[in-house]
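Right, one structure below, let's go through it.
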Number of protein chains: 2
Amino acid sequence: MTETDVPIPRMKAHDRRELVIESATAVFGDYGYYGTTTDQIARAAGVSQPYVVRMFGTKEKLFVEVLERALVLLLGSFRRALANDDGQPLQRRLGLSYVGLLEHRGLLLSLMHAFVLGSDPVIGERARQGFLQVYEFLRTEAGMTSTEAGLFLAGGMLSNTMIGLRMTDMDSSDPIAHELLEACFPEKLEVVVELGDTYRPDPK
Amino acid sequence: MTETDVPIPRMKAHDRRELVIESATAVFGDYGYYGTTTDQIARAAGVSQPYVVRMFGTKEKLFVEVLERALVLLLGSFRRALANDDGQPLQRRLGLSYVGLLEHRGLLLSLMHAFVLGSDPVIGERARQGFLQVYEFLRTEAGMTSTEAGLFLAGGMLSNTMIGLRMTDMDSSDPIAHELLEACFPEKLEVVVELGDTYRPDPK
DNA sequence: GACATTAGTAATCGTTTGATAACCTGTCAA
DNA sequence: TTGACAGGTTATCAAACGATTACTAATGTC
């Protein structure tokens, strides 16, 4: 009966909020906006479901927050890669910067989910705006032509699709899948597969 | 009180089934697997909700059916474009064939939704398989190199993203958006915008 | 014209889900 | 020491959703 009353850990609201947004990003990345429940997010963050809802008002506001943070991180990462000129061509620097974002679990996938929800009045509007922001970065800040930017974005969308499909799971077993992945991630496949492994453990 | 009892129209089961699959494709394309309700599909097809469910067993089975039909139509369209050599380069023929699929409302978007649901044991598995099928077509039947196939698929995924974002809605108002769309659909923008108009009326 | 089959609907049910309300409890300043 | 605020929780709810059951009305056939 010696109730060793271990003190319940408490975080500052700001830190907890960050943690919830990160957890939400991961879960939204797996199941999308509609497929994710606030309870899943709460359990991933180690808090109660009502707390998650109250923290952001609604599930939709939380998703928009996730979307906005993802765009900030993406553009920040690109700007750093742009400034940090190590002699390699720009396309490659940005490309590596992009796959580096896989470390933020669910970030690129949450973006991708948002990108196919254009008919939603709130999420769709923000997603369009975000995509245009990225395009404008490539055109003005990175100095790409519209064709170059288009090719770069196309590669990004294909990457997202491969990640979304969990195609890296088939990399070792299926030779066709392996070849496809080689074509999708020229010179960076090892990185992607390794980072992709982080994605494994997530029981619904 | 002369009840002009107009006979309620009835369809053959097969035709009704096709109609429901088409309606489901459209709605799934807008809201994704989780975001779509069987009742939305039922109303779109003009039948009752229980009928939709009983026809396919479960919502998941209906989605898989939609996914499989989409892949059949996609590959069929590609094969026709491949066989029908009008002198234009293959990439362009396949590209036009691809945007032609926009006439099937929701088809490409349902595929896209499936492609980003790779963590789902049923849908994900079928989606991976389907994507590989397309890649294999490009490599073996269409005779592309892995690099060519990768570039082609990348363009396709970018197209899907533009459609999913409803970026064509901003085409006329935002000059940046217009430039982006020009870069995404070289020489086929008019077609896309026109077909995109079909996508307008869909109150939730 | 009976009658079986086919093409549906109406009613309803158990869960799940996002959200609300009410309460609890460390922490810290005065 | 007290009291107030910050950081949570438990209990609960109404609505929405997928699914099941039982029923009904057209259609084709002998």
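Just so you know, these numbers use all the heavy atoms, side chains as well, and skip hydrogens, waters and symmetry mates. From a predicted model like this one, the values you see are computed outputs, not experimental measurements. Reminder, nothing fancy here: chain letters follow the sequence lines and each chain counts from 1.
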Pair up each side-chain donor or acceptor in residues 60-67 of chain B with any protein partner under 3.5 Å, not counting sequence neighbours, and list the distances.
{"residue": "B/Glu65", "atom": "OE2", "partner": "B/Arg17", "partner atom": "NH2", "Å": "2.5"}

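Taking only side-chain nitrogens and oxygens, B/Thr38 comes nearer than 4.0 Å to OP1 or OP2 of D/dG18. Applying the 4.0 Å criterion to OP1 and OP2 of D/dT27, one finds that B/Arg10 has every side-chain N and O outside that range.
When the C1' atom of C/dG18 is taken as reference, atom OH of A/Tyr34 falls 14 Å away, rounded to whole Å. Here D/dT27 presents its P atom at 20 Å from NE2 of B/His14, a figure rounded to the nearest Å. Across the protein-nucleic acid pair, B/Ile41 atom CD1 and D/dG18 atom C1' stand 11 Å apart, rounded to whole Å. Rounded to whole angstrom, the span from the CD atom of B/Gln40 across to the C1' atom of D/dA16 amounts to 11 Å. Note: CZ (B/Arg43) to P (D/dC17) measures 9 Å, nearest angstrom. Rounded to an integer number of Å, the gap from CE of A/Met11 to P of D/dG8 is 8 Å. Distance, B/Asp39 CG to D/dG18 C1': 10 Å, rounded to whole Å.
Taking every heavy atom of residues 50-59 of chain A and every atom of DNA chain D, pairs under 4.0 Å involve A/Pro50, A/Tyr51, A/Arg54, by number.
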Working for salt bridge (Lys or Arg N to Asp or Glu O under 4.0 Å), residues A/Glu22 and A/Arg105: CA-CA 8 Å; A/Glu22 262 177 54; A/Arg105 175 134 196 240; over 6 Å; no
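With hydrogens and angles disregarded, a donor-acceptor distance shorter than 3.5 Å links the side chain of A/Arg128 to the backbone of B/Leu165. Within the 3.5 Å criterion, the main-chain N or O of B/Met170 finds a donor-acceptor partner in the side chain of B/Ser173.
Ring-plane geometry between A/Tyr98 and A/Phe78 is classed as tilted, the angle between the planes lying from 30 to 60 degrees on a 0 to 90 degree scale.
A/Thr25 and A/Ser110 are not linked by any side-chain donor-acceptor pair at a separation below 3.5 angstrom, with hydrogens and angles left out of the test.
Residues B/Lys12 and B/Gln49 both approach DNA chain C. Their nearest nucleotides, taken by heavy-atom distance, put B/Lys12 toward the 5′ side.
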